[in-house]
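Please read the structure below before turning to the comments.
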Number of protein chains: 2
Amino acid sequence: MARTQGSHSDITGPRIREAALRLFARHGFAAVSMRQIASEVGVQAGALYNYIPDKQALLASLLRGHMDDLLAAWQAEATTGDTTEKLERFVRFHIRYNLERPDAIFISYMELRNLTPENFAQIEALRKTYESTLEGILRDGHEAGRFDVPDPAVTTYALIAMLTGVNTWYRSAGRLTVDEVCDIYWTMTRRMIAASSEA
Amino acid sequence: MARTQGSHSDITGPRIREAALRLFARHGFAAVSMRQIASEVGVQAGALYNYIPDKQALLASLLRGHMDDLLAAWQAEATTGDTTEKLERFVRFHIRYNLERPDAIFISYMELRNLTPENFAQIEALRKTYESTLEGILRDGHEAGRFDVPDPAVTTYALIAMLTGVNTWYRSAGRLTVDEVCDIYWTMTRRMIAASSEA
DNA sequence: GTCTTAACTGAACAAGCGTTCAGATCAAGC
DNA sequence: GCTTGATCTGAACGCTTGTTCAGTTAAGAC
């Protein structure tokens, strides 16, 4: 086990993932070549195969890594509070988390079709898990009489789409801060589910 | 001008567009080869170039065609009624129109990055035009005191994302009819903009 | 029946693809 | 200072890519 220090492997590995994430988001999985990724890392294409089995596995690993991080981050945030507070936290969390990782979010929605059926099923299950936490909140709030949500499944789809949509238009140099955006979306959410107290 | 009847050109042309639309939506622009498209049409790859200058122009033409159709269809629908009626019509129109053309909608959101800057600017302008009609409705309703929409721009983004999201989950064999989906989304919309009369 | 020409074939082009691998490189271990 | 082995190079592999074009086909015009 020579060269455990001074080795480049602990640098090259992450750099491959970063370069691939950026390039896949910018040009699409199919349009990016292994040579382009290698070139961004400053290495020959063959060297990539010290770190990944093949191109498909690289994509799958990026997507799985993103979903794992997302679920862990939400679980760290989702502990205390009543139903309304939980929902507000979800709304703000989702917007912030997505805005901080535009590339990962982008390929998570765009490149699912480039996964093998096996990999697709895994990633899709993780996303379902995440969306189910929102649906659970809506269902709880409805049953407790705090929300009016006749169709929690459809409302979940609508909310996720609405919140994720922020990534398509928000620019940090623009008119609004992230906080202001969160406030606006939380107001719209509160109205959508007819929660009381428009504070 | 021989063979004006019995010619295949008026058949092959549209079939190329249909095949390309379907394949691009299914696998992505970069992942589909001209030979795949030709094979679907039942023709050799070289024959495609009697109908299109190159692959990029084919994509641009599909997207432009879709946006033209969309704008024309909405203009045919958007004539009479007060502001609330107009908004309701927009919500139902958008959902229905999108559900009827899932492939065109899909590539319109996914393949914009594969356009040359020129083509991108053109398509983007058409989409902006469409979204502006919604923003206009929201602005009118707000000024008339019928809606409460402090930020029409953001609300437009939120609504468009929410409505377009239906395409990602709706299946005609599922639990809900299109009419029921439209009803649910119109209720959510009405609440979001705090329109009166929850009829 | 001949001419014309739109429509298409089939082969070719240079370029690029994902992936493999023998060999060079060089820091760490002893 | 020699050995070890992780890391990377550079060339090669068979294959596919978008696009071109000389030549074949066949239907309408006369």
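Using a 4.5 Å heavy-atom cutoff, the side chains of B:Glu118 and B:Gln122 are not in contact. Using a 4.5 Å heavy-atom threshold, the side chains of B:Ile193 and B:Leu87 count as touching.
Distance CD1 (A:Ile16) to C1' (D:dT7): 11 Å, rounded to an integer number of Å. Rounded to an integer number of Å, the gap from B:Leu48 CG to C:dA7 P is 14 Å. Going from atom CD1 of B:Ile52 over to atom P of C:dC8 covers 13 Å, rounded to whole Å. For B:Leu23 and D:dG18, the CG to P distance is 12 Å, given to the nearest whole Å. Summarising the geometry, the separation between CG on A:Asp54 and P on C:dT19 is reported as 5 Å, rounded to the nearest angstrom. At whole-Å resolution of the value, CD1 in B:Ile37 and C1' in D:dT16 are 15 Å apart. Atom P of nucleotide C:dT5 and atom CG of B:Asn50 are separated by 16 Å, given to the nearest angstrom. Between the CZ atom of B:Phe29 and the P atom of D:dT17 there is a distance of 13 Å, rounded to whole Å.
Comparing D:dG18, C:dT9, C:dC17 against the side chain of B:Lys55 picks out D:dG18 as the nearest. Ranking D:dT19, C:dG18, C:dA7 by closeness to the B:Tyr49 side chain, first place goes to D:dT19. Counting only heavy atoms from C-beta on, B:Tyr51 has its side chain closest to C:dA7 among C:dA7, D:dG18, C:dG18.
The residue B:Val32 sits close only to the backbone: its heavy atoms come under 4.0 Å of sugar-phosphate atoms, none of a base.
Side-chain N/O atoms of A:Ser33 include none lying less than 4.0 angstrom from OP1 or OP2 on C:dG16. In this structure, A:Thr12 reaches the D:dC8 phosphate: one of its side-chain N or O atoms is under 4.0 Å from OP1 or OP2. Of the side-chain N and O atoms in B:Gln44, one or more sit less than 4.0 angstrom from OP1 or OP2 of C:dG10.
A salt bridge between B:Glu124 and B:Lys128 is absent, with no side-chain N of the basic residue lying under 4.0 Å from a carboxylate O of the acidic one.
Heavy-atom distances to DNA chain C give each of A:Gln36 and A:Gly46 a nearest nucleotide, and the one nearer the 5′ end belongs to A:Gln36.
For A:Arg35 against C:dG16, a side-chain-to-base donor-acceptor contact under 3.5 Å is absent.
Ring geometry for B:Tyr185 against B:Trp169 counts as parallel: the plane angle stays under 30°, on a 0 to 90° scale with 60° as the upper cut.
Cluster annotation: A:Leu138 is connected to A:Phe93 through the hydrophobic network of ILVMFWY side chains, with a link wherever side-chain heavy atoms come within less than 4.5 Å.
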